[in-house]
2 protein chains.
Amino acid sequence: MATLKDVAALAHVDVSTVSRALNNKAYVHPETKRRILKAVKQLGYAPNLVAKSLRQGKRHTIGVVVPSINISIFGEIVQGMEEQARNLGYSILISNTMDDPQIERECLARMRTGLVDGIVIASTGENMRLLADIASENIAIIQIVRNQSPQFDCVAADYYECGYEATQYLVKLGCRHIGLINGHGHIRPYEERYQGYKKALAKAHLQEYVVAASKDGSQYFEDGYQATKELLKMVPSLDAIMVATDLQALGVIRAVKKAGLSVPEDVRIISLTGHPVGATLETAMTSMQVPSREMGECATKLMIERIESEDHSAIRHQQIVFQTMLMTRETT
Amino acid sequence: MATLKDVAALAHVDVSTVSRALNNKAYVHPETKRRILKAVKQLGYAPNLVAKSLRQGKRHTIGVVVPSINISIFGEIVQGMEEQARNLGYSILISNTMDDPQIERECLARMRTGLVDGIVIASTGENMRLLADIASENIAIIQIVRNQSPQFDCVAADYYECGYEATQYLVKLGCRHIGLINGHGHIRPYEERYQGYKKALAKAHLQEYVVAASKDGSQYFEDGYQATKELLKMVPSLDAIMVATDLQALGVIRAVKKAGLSVPEDVRIISLTGHPVGATLETAMTSMQVPSREMGECATKLMIERIESEDHSAIRHQQIVFQTMLMTRETT
DNA sequence: CTGAAAGCGCTTACAG
DNA sequence: CTGAAAGCGCTTACAG
């Protein structure tokens with residue numbers, strides 16, 4: 001690739017003048033500018049972004065740290081992020097942690113070494129100290145989906161309301177024994193959804209039946225399957241199951257059918273992290289749809305605002321909350 | 001973050017000595033080295049990778065350009081790539097083109113500006129000239145899934161065999177009117193699968209029934225749904241449908257059921273780009289499973305080999321072909 | 001309006 | 001075994 005120097009030589013000016021002309025940083029004589037642009041065109045010059053980064057201390061790159069992008073709500077979030085970033089002249093550096101704190105630590109350590117201006121993370125919650133260290137080095141941190149600490153910005157959905165509304169909907173349909181298959185551990189979305197569920201049940205004077213999915217991320221079919229077997233053993237009269245994700249819900253459907261029951265006649269099912277794909281399933285999934293693409297776009301916009309506003313530390317942290325939307329389909 | 005200079009000051013040596021000690025580039029007196037390492041530890045020093053990149057002309061970053069990572073085989077491929085890259089000390093810069101040649105062009109132009117050492121791409125096929133230009137600038141190019149041009153390395157599956165084997169399997173089951181819902185345009189996997197299908201049908205003296213999915217990427221439910229309606233109108237006695245992806249297959253199932261037919265009794269269905277999620281669907285999907293994770297890992301390994309072997313142009317191009325595996329499940 | 005110089009944080013010949 | 005110097009490709013005060 002041609003460099004600034006090549007352009008400068010061809011246009012018979014100093015590199016600094018070329019730089020100014022290309023960045024519109026100061027007046028450059030129109031005639032000079034014309035010559036420069038001609039040279040740029042002739043050489044097919046494009047600035048070396050790495051050199052620019054080193055000099056300006058800005059990478060125009062955002063790190064994204066998520067459990068998994070494969071068959072998960074994060075796939076759509078990342079896609080929204082990437083599109084928005086591209087439109088605003090940024091790139092996306094991505095890491096999948098599989099919810100393993102050790103991998104998360106490695107990814108963060110790497111990103112910290114000047115690779116990114118900011119990090120958008122759905123964290124395990126085990127590396128909050130490291131995150132704080134990174135933030136103190138003027139790398140912006142934004143949490144997505146999982147609001148693990150109030151000390152950082154966060155873009156998430158209203159999980160309490162999500163749990164509350166889903167439960168109330170099932171109650172209105174006449175369900176009296178509503179099970180909740182919830183994620184494992186101190187992940188905020190799980191806790192808040194549980195609180196919403198609890199509140200709605202109390203209001204209807206119903207009892208709660210909760211099973212935690214296995215501890216390794218809870219995104220999978222097997223979790224839904226096993227948890228449902230447990231629930232059905234515990235509560236033979238179960239008439240509804242609320243479950244964290246669409247994929248788990250597939251496990252729920254299979255377990256319910258295997259028990260000789262049918263969906264939705266005997267057991268109604270609702271997924272609490274609805275993905276558009278739910279509409280296309282064989283028995284279309286009723287779910288609380290999460291606006292994942294919009295959340296990704298929002299996180300990117302907020303991130304770029306943070307990055308470009310210089311004084312990170314002075315800014316008050318924002319908690320942006322999206323509403324989920326009940327999509328009634330065939331499983332209820 | 002601390003810099004080399006800080007470490008050098010604390011250890012009372014020159015920055016060059018620190019650099020050598022940390023990179024094991026030359027003998028450094030053990031005692032000096034000890035002092036340096038102590039200083040590194042004390043300051044929590046980690047090298048600035050951007051500066052290193054600029055100096056060495058290596059980015060330790062791989063660009064990935066794919067149609068979409070959301071609910072697609074590419075999600076798993078990218079995950080495999082990312083894990084492998086992380087283990088080998090590389091990062092992944094990702095772009096989703098949505099199969100739009102214009103977006104693809106933008107992404108490539110951006111990556112070209114010093115951001116990456118190499119690009120792994122599942123291309124639209126519309127920017128091959130640009131790709132060749134980029135390759136000539138010593139940025140390695142590896143094609144994944146879509147072998148659009150023999151002038152670059154490629155990691156793909158054996159699509160011909162995939163189409164052939166799937167068809168033959170259906171023939172053995174007794175199917176006599178086998179439809180193929182294929183992707184649109186000159187995308188190699190589609191063309192090769194069609195050839196395999198054609199060959200197997202000819203061998204069994206059967207007629208072919210082919211419908212192309214809509215032209216916008218063919219990854220979607222709606223494509224499968226519409227194409228199936230068309231096929232059923234065309235061939236009322238249809239008894240099997242081969243379709244490009246699991247997600248399209250969901251559309252096929254819905255259309256078949258809507259026509260009052262059942263799966264697999266009346267119509268058997270097989271997906272030609274099987275994803276593990278197929279096993280979890282309500283009617284588990286028979287499919288030709290593509291080893292997507294392994295393909296991603298392989299592409300990354302090959303890429304890093306290329307990058308680190310200096311003389312790109314001299315190397316013969318490799319075409320690495322993975323076998324697909326028939327997974328018989330409930331839709332057949 | 002433009003040039004010369006310094007510097008971002010590293011690495012790497014070149015001396016010694 | 002180690003230091004001083006140059007340079008990767010840019011940007012940005014500082015003069016003029």
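- Residue-level contact check: T3(B) touches the backbone only, with heavy atoms under 4.0 Å from sugar-phosphate atoms and none from bases.
- Computed from coordinates, the L115(B) CG to dC10(D) C1' distance equals 14 Å when rounded to whole Å.
- Rounded to an integer number of Å, the gap from CZ of R55(B) to P of dC10(C) is 13 Å.
- Between dG9(C) and K52(B), no contact under 4.0 Å exists linking OP1 or OP2 to a side-chain N or O.
- When the side-chain nitrogen and oxygen atoms of T32(B) are compared with OP1 and OP2 of dT2(D), one or more of them lie within a distance under 4.0 Å.
- Nucleotide dC8(D) holds its P atom 19 Å from the NE2 atom of H60(B), rounded to whole Å.
- Put simply, the side chain of E82(A) gets close to the backbone of N96(B): a donor and an acceptor are under 3.5 Å apart.
- One N or O on the side chain of Q143(A) and one on the backbone of S149(A) form a donor-acceptor pair closer than 3.5 Å.
- If you measure from atom CG of L4(A) to atom P of dC8(C), you get 19 Å, rounded to the nearest angstrom.
- Residues R20(B) and V50(B) both approach DNA chain C. Their nearest nucleotides, taken by heavy-atom distance, put V50(B) toward the 5′ side.
- Rounded to whole Å, atom P of dC1(D) lies 14 Å from atom CZ of R35(B).
- The CG atom of D14(A) sits 14 Å away from the C1' atom of dG16(D) (whole-angstrom rounding).
- E106(A) has no carboxylate O lying under 4.0 Å from a charged side-chain N of R110(A), or vice versa, which leaves the two without a salt bridge.
- Here dG7(D) presents its P atom at 18 Å from CD of Q56(B), a figure rounded to the nearest Å.
- If you check dT11(C), dT11(D), dT12(C) against the side chain of S19(A), the one that comes closest is dT11(D).
- With hydrogens and angles left out, the side-chain atoms of S16(A) and D14(A) include a donor and acceptor closer than 3.5 Å.
- Across all strands shown, dA15(C) is found opposite dT2(D) as a Watson-Crick or G-U wobble partner, with both distances under 3.5 Å.
- A sub-4.0 Å separation between OP1 or OP2 of dG3(D) and a side-chain N or O of T17(B) is present.
- Electrostatic pairing of E83(B) and R293(B) counts as a salt bridge here, judged by a charged N lying under 4.0 Å from a carboxylate O.
- At the heavy-atom level, S53(A) lies nowhere under 4.0 Å from the strands shown.
- Here the nucleotide nearest the side chain of A51(A), chosen from dG3(D), dC1(C), dC10(D), is dC10(D).
- V13(B) comes within 4.0 angstrom of sugar-phosphate atoms only, judged by non-hydrogen atoms across all strands, and of no base.
- Listed nucleotides dT11(C), dC1(D), dG9(C) differ in distance to N48(B); the shortest reach to its side chain belongs to dG9(C).
- Following rounding to the nearest Å, L49(B) (CG) and dC10(C) (P) show an atom-to-atom distance of 9 Å.
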